Asks: 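Just passing along the structure, written as structure tokens.
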Amino acid sequence: IERKDIRNIAIIAHVDHGKTTLVDQLLRQSGVFRENEVLQERVMDSNSIEKERGITILAKNTSIMYKDAKINIIDTPGHADFGGEVERIMKMVDGVLLLVDAKEGPMPQTRFVLKKALQQGLKSIVVVNKIDRPEASPHEVIDQVLDLYISLDASEDQMEFPIVYASAKNGFAKYELDEESDNMIPLFESIMENIPYPTGDEEDGLQLLISSIDYDKYTGRIGIGRIERGSITKGQQAVRIERDGKITQVKVANLYTFDGLNRVEGQDATVGDIVAISGIENLNIGDTICSVDKPEALDSIEIDEPTISMTFMVNDSPFAGKEGKFVTSRHLKDRLERELLSNVAMRLEEISTDSFRVLGRGELHISILIETMRREGYEFAVSRPEVIMKRTEEGLLEPIERLYVEVPEENASTVIDKISQRKGEMQNMEPVGDMMKLEFLIPARGLIGYRSEFLTDTKGYGVLHHLFEGFEKHKGEIKARNRGSLVAHETGTAVAYGLFNAQERGRIFIGPGVEVYEGMVVGESSRAEDIVVNVCKRKQMTNVRASGSDDALKLVPPVKLSLEQSLEFIGDDELVEVTPQSIRLRKKILD
Ligand code: GDP
């Protein structure tokens, strides 16, 4: 059948270009919201951490009715690729909306996601947003988008993208700048006209590829995907083919479709529909759900193996804030286990009753979890990140990442230098406008602690992401030292708490991208900002200087900070006794 009543699209946008506002507006105008009803919650991208880091990591579905058709909009992660998420999303859709700010133009961060979409042969609509702004320069922006498509090897067909100019904020869209419009209809129409509708045989055997996993307290694990072939009915018997080819009989206990922002129970669905199902044990990304009489797997989805691990421990330090809501190992364990249900590239190992090893796709992947949990009120300490090695007959192997970097031209030499120090080998170099595009192969080790330094070096304009390349023979010691780290000098060293290990004497990881070197360790928490704040509070220190990512610095209002190489604590002289073998550092100072 031809599902002319459906369009499945992904939306690609740089943070702040107006994705949330646009989707709100489309929902509003499609009649989901009553006139003047205030949206309580932002539609997509409600995770505040994503906003702060300038990335989006949650893929969410929104479903909008336009006339008699249903437009399914799937959010895309704006930046890093945590194990194949972007590819998974692109498998569910037939086209994309590239949303671009009419003043800023396309940002390098969206390049990666757009590239994946173009590689899949998807059609796109370019939406130039915020044209109401006086500084808007939509013509220039279109030129930049054209350049971008050329540099991504878009096909001729893809280069002829339709353009819609919009002011999501004011709720209008139009095809030509000098047109009058007071609604989003041109955008709806453009989607209906330009994005292909799904087709397939609804009588044939069912094929549904699980592309995303969600979790619900009541229903448990929920698999989301698009029906490629055939139809599905609630309660039906089916066959599940797992990624490794294992076949099991299953029952589709519950079936859901999407309506606005909600998941609603449904009875049946067919070719082209994006559905969610539950009631299947250990349902996983990459599983194909098929009809019993024609069990044929769809091309599965690769999920990259974890390369970095960090240990999470219950924080029972005498200095623990006890402000957290969740402080026991039970809490910690439950929370981590829950994370695994939807964070598919993450793994968990229980080391002891109160410590857990979390394995992920890189430092950022795990850091985001740490921050999310802290905000939820979990109290815990973390170790520094470690690379996951493999031992074979040939010797010790380590994970290598393919690193993609885009930096302003004037910073290119600094960045190349630093990456080489970290044993990165340049594979490619190419100018794109006034940016330089670089590609390296680098041991995953070399990336630890590098992101914040990179952002400092490129004044926040650089873009960095990496994909797993493979395991290779261990490349020897890396000497590069992280700037953007906090260096504690001997004087006035204060409260210490954290993971320590014998070879790493005097060095401790205290948070995303921040490490403390030398002498005594400062701080009691895994967040850089806490460390500074706590130390200052407890020791009444003045004159603290720090370097590090802006993240580490911005939450420290009581002390004066200047960007320097090191963090110095100038205060009284109590020392901390360090017992390297033990996990904890004992403190011997007054309180
Ligand atoms: P997102 O990060 O892409 O989801 O961006 P948001 O939808 O949160 O928008 C970021 C900011 O841009 C907000 O302050 C919006 O009010 C503003 N904004 C969004 N669309 C428009 C627009 O069409 N015109 C103007 N002037 N501002 C807009």
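Numbers here simply count residues along the sequence, with the first being 1. Counting starts at 1 for both ligands and their atoms, following the listed order. These numbers come from a predicted model, not from an experiment.
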Asks: Is there a donor-acceptor pair under 3.5 Å between the side chain of Asn8 and the backbone N or O of Gly272?
Replies: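 Yes, the answer is positive, given that a donor and an acceptor are paired below the 3.5 Å cut-off.
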
Asks: Do NZ/NE/NH1/NH2 and the carboxylate oxygens of Asp273 and Arg3 come within less than 4.0 Å?
Replies: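 Yes, Asp273 and Arg3 are salt-bridged.
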
Asks: Could you list which atoms of ligand 1 come closer than 4.0 Å to a heavy atom of Lys19?
Replies: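 Checking each atom against Lys19, I get 1 (P), 3 (O), 4 (O), 5 (O), 7 (O).
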
Asks: Identify, by atom number and element, the atoms of ligand 1 in contact range of Asp16, meaning under 4.0 Å from any of its heavy atoms.
Replies: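 In order of number, 1 (P), 2 (O), 3 (O), 5 (O), 10 (C), 12 (O).
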
Asks: Geometry only, no angles: is Gly18 polar-contacting ligand 1 at N/O separations under 3.5 Å?
Replies: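 Right, the criterion is met.
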
Asks: With no hydrogens and no angle check, is any side-chain donor or acceptor of Ser190 less than 3.5 Å from a backbone partner on Pro186?
Replies: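 Looks like no, no N/O pair under 3.5 Å.
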
Asks: Any Lys/Arg nitrogen of Glu406 or Lys437 sitting under 4.0 Å from an Asp/Glu carboxylate oxygen of the other?
Replies: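 A salt bridge is absent here (no side-chain N lies under 4.0 Å from a carboxylate O).
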
Asks: Show me the donor-acceptor pairs within less than 3.5 Å that the side chains of residues 134-141 make with the rest of the protein, sequence neighbours left out.
Replies:
| unit_1 | atom_1 | unit_2 | atom_2 | d |
| --- | --- | --- | --- | --- |
| Glu135 | OE2 | Arg133 | NH2 | 3.2 |

Asks: Would you indicate whether the side-chain heavy atoms of Ile277 and Asn254 approach each other to under 4.5 Å?
Replies: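 When only atoms from C-beta onward are counted, Ile277 and Asn254 do not touch, as no gap falls below 4.5 Å.
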
Asks: Just let me know how Thr20 lines up against ligand 1, side chain, backbone, both or neither, with a heavy-atom cut-off below 4.0 Å.
Replies: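 It is both parts that get close, each with some atom under 4.0 Å.
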
Asks: List in chain and number order the residues that pass side chain to side chain donor-acceptor pair (under 3.5 Å) with Glu104, two or more places apart in sequence or in another chain; answer none if no residue qualifies.
Replies: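 Side chain to side chain donor-acceptor pair (under 3.5 Å) check on Glu104 returns His17.
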
Asks: Would you mind finding which of Lys103, Gln25, Lys130, His14 brings a heavy atom closest to atom 17 (C) of ligand 1?
Replies: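 Result: the heavy atom closest to atom 17 (C) of ligand 1 is in Lys130.
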
Asks: Is ligand 1 under 4.0 Å from a heavy atom in the side chain of Arg133, in the backbone, in both, or in neither?
Replies: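 The answer is the side chain of Arg133.
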
Asks: Distance under 4.0 Å to a non-hydrogen atom of Asn129: what atoms of ligand 1 satisfy this?
Replies: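 Reading through ligand 1 atom by atom, the close ones are 20 (N), 21 (C), 23 (O).
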
Asks: Is it the case that ligand 1 has an N or O less than 3.5 angstrom from some N or O of Thr21?
Replies: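 So ligand 1 has an N or O lying under 3.5 Å from an N or O of Thr21.
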
Asks: Between Ala13 and ligand 1, find which residue part has any heavy-atom pair under 4.0 Å and reply side chain, backbone, both or neither.
Replies: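 Under 4.0 Å from ligand 1, Ala13 contributes no heavy atoms.
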
